[in-house]
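Working notes, beginning with the structure itself.
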Amino acid sequence: MKILGVNLKDLIPEKAKQEIDLKALKGYTVALDGYNMLYQFLAAIRQPDGTPLIDSKGNITSHISGLFYRTINLIEEGVKPIYVFDGKPPEMKKKEIEDRINRRQQYAEKYQKAKQEGKIEEAKKYAQASTSLSNKMVEDAKQLLTYMGIPWVQAPADGEAQAAYMAKKGDVYATGSQDYDSLLFGSPKLLRNLAITGKRKLPNKEEYIEIKPELINLNDMLKALEITREQLIVIGILLGTDFNPDGFKGYGPKTALKYVKEHRDPIKALSSLKVNDEDIDIMKIYEYFLNPPSNPNYKIEWRDPNEEKIIDMLVREHDFNDDRVKKALERLKKSFKESVKSKQARLDNWF
DNA sequence: CAATATTA
DNA sequence: TAATATTGG
């Protein structure tokens, strides 16, 4: 799965991350990046040749299937998910969004070609790379979550920024996404690998590795690297963000870290950089990560699942199997009572 | 990805 | 019963 935001992967010190069991999150509330989760479902839930799940009317349903079953499994493990959805992207993201659409279009063409030629594995690879979420799909997800009684929050802009805000405030234990942006936004804890579980095939090998949830602690990270969050944002800008996708030539994790340490003051570090593209304002990007738009007036409310509506949507509208859905609903109701609704749910504690 | 069916 | 393959929509 390609990382779309800032790629901090090689910068995270071993000390700041740990593999955890889903069970370790029992009782905790997490703010999940809705767009990121849906994207992963849509990319992953496909037939060997790349065809997604489709209902009799031709609507893609992979995202709904993934969201439905994965959310129930999380709740069954005692995790309390809240989904956060992106709002309007900032103007400076425009170029990256356009580029993404173009890239996906190219992959979509390659997908069709490979499929026609009967190259199954290649077709799937391109199908996944061409994955794009429509507004309709996001609306589907919001509707299903509402019926399921799972809270979701509309972010004014970046969903990861909103999730980070909620985590900083202490309303949620951690943010959940495959991307690292929420760390720049100041989320104290980031959970990765929450949408994907179990075994994953190693590229080009017939080997499978176990994917486990990964918890990254921002404070531990900053401490180990001996930098501040402000300096981390500068590193992000050097490596490349959604607002300056190419980053700065010659800067990888090592040199970027060295650079911010040498300059100490993040503002001075930024102003010493020469930007070739006049459309890119790195000081504005810095400000955006440091203080992004977020909505303080959200409410987190769990409701009893509306079985009728769920069956209506999944079975009648989208041809899901009646027995399967009902069986999953039973699990949802049962675990709802056990964890989500229990009054004495453990207090989220952090240190 | 997750649920179910098939097999060893 | 547990590991592996297939289907789901």
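Below, chains carry the letters A, B, ... as their sequence lines are ordered, and counting in each starts from 1. These values consider heavy atoms only, across backbone and side chains, with no hydrogens, waters or symmetry-generated copies. Just so you know, these numbers come straight off a predicted model, no measurement behind them.
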Quiz prompt | d(CD1, A:I72; P, B:dA2) in whole Å | solution = 12 Å

Quiz prompt | Residue list, ring pair (Phe, Tyr, Trp, His ring centres under 6.0 Å) with A:H263, at least two apart or on another chain | solution = A:Y259

Quiz item: Going by number, which of residues 128-141 of chain A have a non-hydrogen atom under 4.0 Å from DNA chain C?
Solution: none

Self-check item: Nearest-angstrom distance from the residue atom CZ of A:F68 to P of B:dC1
Solution: 19 Å

Exercise. Kindly write out the residues that satisfy ring pair (Phe, Tyr, Trp, His ring centres under 6.0 Å) with A:Y165, not counting sequence neighbours, or none if the list is empty.
Key: none

Return the polar atom pairs (N/O with N/O) between nucleotides 6-9 of chain C and the protein under 3.5 Å, or none.
| unit_1 | atom_1 | unit_2 | atom_2 | d |
| --- | --- | --- | --- | --- |
| C:dG9 | OP1 | A:N321 | N | 2.5 |
| C:dG9 | O3' | A:T61 | OG1 | 2.8 |
| C:dG9 | O3' | A:H318 | O | 2.8 |
| C:dG9 | O6 | A:Q47 | NE2 | 3.3 |
| C:dG9 | N1 | A:Q47 | NE2 | 3.0 |
| C:dG9 | N2 | A:P52 | O | 2.3 |
| C:dG9 | N2 | A:I54 | N | 3.1 |
| C:dG9 | N3 | A:I54 | N | 2.7 |
| C:dG9 | N3 | A:I54 | O | 3.3 |

Practice problem: List, by chain and then residue number, the residues other than A:Y126 in its hydrophobic cluster (Ile/Leu/Val/Met/Phe/Trp/Tyr, side-chain heavy atoms under 4.5 Å); write none if there are no others. | Solution: A:Y107, A:Y111

Quiz prompt | Residue pairs involving residues 57-79 of chain A (criterion salt bridge (Lys or Arg N to Asp or Glu O under 4.0 Å); sequence neighbours excluded) | solution = A:K23-A:E77, A:E76-A:R331

Quiz item: Do the rings of A:Y39 and A:Y35 sit parallel, tilted or perpendicular, given the 30° and 60° boundaries?
Solution: parallel

Quiz item: Are the charged groups of A:R100 and A:D242 less than 4.0 angstrom apart, N to O?
Solution: yes

Quiz item: So which nucleotide from B:dA3, B:dC1, B:dA2 ends up closest to the side chain of A:I196?
Solution: B:dC1

Self-check item: Euclidean distance, atom CZ of residue A:F41 to atom C1' of B:dA3 [Å, nearest integer]
Solution: 14 Å

Quiz item: Rounded to the Å, how far apart are A:R331 CZ and B:dA3 C1'?
Solution: 9 Å

Quiz item: When we call it a touch if two heavy atoms are under 4.0 Å apart, what does A:A328 touch: a base, just sugar-phosphate, or nothing?
Solution: nothing

Practice problem: Respond yes when some side-chain nitrogen or oxygen of A:N73 is under 4.0 Å from OP1 or OP2 of B:dA3, and no when none is. | Solution: yes

